[in-house]
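Start at 1 and go down the list; that is how both ligands and their atoms are numbered. Keep in mind the model is a prediction, meaning the values are calculated, not measured.
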Amino acid sequence: MRDSVPAIRLNGETFGVYLTADQIQRRVSELGAEISAAYEGRRPILVGVLNGAFMFLADLMRAIDVPCEVDFIKLSSYGDSKITSGVVRELKSVDANLRDKDVIIVEDIVDTGLSMQYLVDTIAQYEPASVATATLLQKEDATVADVYLDYVGFAISNLFVVGYGLDYSQLGRNLEHIYILQES
Ligand code: 5GP
């Protein structure tokens, strides 16, 4: 499957396939089963981080079989570049009342961990019953913030990825596979 997926061009750069849709879906199903077992008898609320996590969140939610709610928060940190600025801003806050709720923060990717740390701190202020963290991807080498990740889809190398919700200057979010920037 992997070998049959051609490289793509986005904004003048070449990206090769890194995780196929099949691999992603299999792992998302496993995460859904893990979350369902951990939250049996409870009613978690998944808080998806826009824009990148929308596709992972949609699939993850379908793989969870306990009753659950959804809401979204939007952060900005990267602008249009491939390098983190390290500055996290909140562009849209959650609408739901999170007090006494079991919150699961759903991210697309954790790089430095600064966004996730900001999210955990921000959501803790609403006095939820519990806060857990889920991310589809974690860049293992890059994590600088000390934030605990409860559910991790894939640990990946420290290269820039696009697809399955993740963008490069707003393009590539619609791709079903995840691609990695090829060195020129
Ligand atoms: P952190 O705060 O952990 O450094 O960065 C988290 C955010 O940076 C993610 O939610 C995502 O928006 C963006 N990001 C980090 N690495 C990548 C990457 O390789 N590709 C894309 N498209 N976005 C990334």
Practice task
Would you please determine whether Asp167 falls within less than 4.0 Å of ligand 1 on a heavy-atom basis?
Solution key: yes
Problem - Approximate separation, where rounding is to 0.5 Å, of Ile105 CD1 and Ile123 CD1 - result: 4.0 Å
Handout entry: Asp59 and Tyr164 side chains, donor-acceptor separation under 3.5 Å
Key = yes
Problem - Electrostatic pair Glu69-Arg43, nearest N-O below 4.0 angstrom - result: yes
Handout entry: Thr135 side-chain N/O to Gln138 backbone N/O, donor-acceptor pair under 3.5 Å
Key = no
Handout entry: Working for side-chain contact (heavy atoms from CB on, under 4.5 Å), residues Leu137 and Leu166
Key = CA-CA 11 Å; Leu137 306 172; Leu166 290 134; 3.8 Å; yes
Practice task
Report yes or no: does Lys139 have a heavy atom closer than 4.0 Å to ligand 1?
Solution key: yes
Practice task
Under 4.0 Å from a heavy atom of Ser115: give me the atoms of ligand 1 that qualify, with their elements.
Solution key: 1 (P), 2 (O), 5 (O), 6 (C)
Problem - Val49 near ligand 1 by a heavy-atom separation under 4.0 Å - result: no
Fill in the blank from the handout: Counting from 1 in the order shown, the ligand 1 atoms closer than 4.0 Å to a non-hydrogen atom of Val110 are 3 (O)
Exercise for the section: Verify, without hydrogens or angle tests, whether Ser36 (side chain) and Asp65 (backbone) share a donor-acceptor contact under 3.5 angstrom. Expected result: yes
Problem - Within-shell test, Tyr168 vs ligand 1, heavy atom, strictly < 4.0 Å - result: no
Practice task
Measure the acute angle between the ring planes of Tyr39 and Tyr151, then classify it against the limits of 30° and 60° as parallel, tilted or perpendicular.
Solution key: tilted
Handout entry: Numbered atoms and elements of ligand 1 in range of Glu107, under 4.0 angstrom, heavy atoms
Key = 10 (O)
Exercise for the section: Could you tell me the separation between the CG atom of Leu46 and the CD1 atom of Ile104, rounded to the nearest 0.5 Å? Expected result: 5.0 Å
Problem - Atoms in ligand 1 with a heavy atom of Leu159 nearer than 4.0 Å - result: 19 (O)
Exercise for the section: Report yes or no: does Gly113 have a heavy atom closer than 4.0 Å to ligand 1? Expected result: yes
Practice task
Using a strict cut-off of 4.0 Å, indicate which atoms of ligand 1 neighbour a heavy atom of Thr112.
Solution key: 1 (P), 2 (O), 3 (O), 4 (O)
Exercise for the section: Report yes if Met116 has an N/O atom closer than 3.5 Å to an N/O atom of ligand 1; otherwise report no. Expected result: no
Completion exercise
Near Leu166 (heavy-atom distance under 4.0 Å), the atoms of ligand 1 are 21 (C), 22 (N), 23 (N)
